[in-house]
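Contents: one structure, followed by commentary.
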Amino acid sequence: MIAFVSGPIAALAPDSAVVEVGGIGITVQCTPNTLAGLRRGQQAKLATSLVVREDSLTLYGFVDDDERQVFELLQTASGVGPRLAQAMLSVHTPDALRRAVSTGDEKALIAVPGIGKRGAQKLLLELKDRLGEPLGAPAIGAPVTQGWRDQLHAALIGLGYAAREADEAVAAVTPQAEAAEGTPQVGQLLKAALQTLNRAR
């Protein structure tokens, strides 16, 4: 089990980062939120979870141990693999997921690409006693609400768009983000932003 990787960031891609460890470049699959905090050439330490399959070894990276633990707990639910667990953490913080499960918030889970109404109901039942209670007060979501612009902008830059294009796309989806109830869903906003950029080209 590789608990974490630490070293300079050698490369960044839309869904992964390459961390140089002892002269070896290790590819780590990350959420847009995690990637937004990484810069090429700068030191980073990522908590990791190694997923072993017959034909592959995939390392998933997280900002901290809590996010890694939630990633692993999500996969204890039937039908949830590493990709869906990562998608859930792309849309929600660990505490937001705990809150959604503890309050039975179907809409929060349906906001994750790949989860429908029936799937959300099933997950709420299976995860209720596994994720535990939120660690912080509801107010903990406020910084995330304020930070969606930075996360979205960083994700677009990571996808290869110019800073000006990223700025315009963020501005285009701002009304949608402000109309959303609670914390804006960065995953959904990224989809909307990409649609506006494709139309502009």
For Phe62 against Leu89, the heavy-atom pair lying closest together: CE2-CD1, 4.2 Å
Side-chain donor-acceptor contact under 3.5 Å, Thr31 with Gln86: no
Any donor-acceptor pair under 3.5 Å from Gln176 side chain to Val173 backbone: no
Value rounded to 0.5 Å, distance of CG in Asp129 from OG in Ser102: 11.5 Å
Donor-acceptor pair, side chain of Arg68 and main chain of Ala3, under 3.5 angstrom: yes
Distance-only side-chain donor-acceptor flag, Ser78 / Glu126, under 3.5 Å: yes
Spatial distance of atom CZ (Phe71) from atom OG (Ser49) [nearest 0.5 Å]: 5.0 Å
Gln42 side-chain N/O to Leu38 backbone N/O, donor-acceptor pair under 3.5 Å: no
Verdict with reasoning, Leu109 to Gln121, per side chain to side chain contact (heavy atoms under 4.5 Å, CB included): CA-CA 9 Å; Leu109 295 187; Gln121 292 171 340; over 6 Å; no
Arg130 atom CZ: more than 12 heavy-atom contacts under 6.0 Å: yes
Any Leu59 side-chain heavy atom under 4.5 Å of Gln29 side chain: no
Linked, directly or transitively: Leu57 and Val18 (ILVMFWY side chains, under 4.5 Å): no
Heavy-atom side-chain contact between Cys30 and Leu46 under 4.5 Å: yes
Heavy-atom donor-acceptor pair, Arg118 side chain to Ile115 backbone, under 3.5 Å: no
Same apolar cluster: Ile110 and Leu131, side chain cutoff 4.5 Å: no
pair Arg99-Pro94: side-chain heavy atoms closer than 4.5 Å: no
Side-chain heavy-atom pair Thr27, Thr58 within 4.5 angstrom cut-off: no
Lys128 side, atom NZ; Leu123 side, atom CG - distance, nearest 0.5 Å: 13.5 Å
Spatial distance of atom CD1 (Ile26) from atom OG (Ser6) [nearest 0.5 Å]: 10.5 Å
Any donor-acceptor pair under 3.5 Å from Arg40 side chain to Ala11 backbone: no
Atom pair CG (Asp95) and CG (Asp66), whose distance is rounded to the nearest 0.5 Å: 7.0 Å
Leu35 to Ala13 - nearest heavy-atom pair and separation: CD1-O, 3.5 Å
Heavy-atom closest pair, residues Val70 and Arg98: CG2-NH2, 3.6 Å
Criterion side chain to side chain contact (heavy atoms under 4.5 Å, CB included) on Val63 and Asn33, from CA distance to verdict: CA-CA 9 Å; Val63 290; Asn33 296 351; over 6 Å; no
Check: Glu165 and Leu197 side chains under 4.5 Å, non-hydrogen atoms: yes
Step-by-step side chain to side chain contact (heavy atoms under 4.5 Å, CB included) determination, Leu97 to Leu74: CA-CA 10 Å; Leu97 282 172; Leu74 289 172; 4.0 Å; yes
Shortest non-hydrogen contact from Phe4 toward Thr48: N-OG1, 3.3 Å
Heavy-atom donor-acceptor pair, Thr76 side chain to Glu72 backbone, under 3.5 Å: no
Glu67 vs Tyr60 side-chain heavy atoms within contact, under 4.5 Å: no
Minimum heavy-atom distance Ile9-Ala44, with the two atoms named: CD1-CB, 3.7 Å
Same apolar cluster: Leu125 and Leu127, side chain cutoff 4.5 Å: no
Minimum heavy-atom distance Pro8-Gly41, with the two atoms named: CB-O, 4.2 Å
Gln69 (side chain) donor-acceptor with Asp65 (main chain) under 3.5 angstrom: no
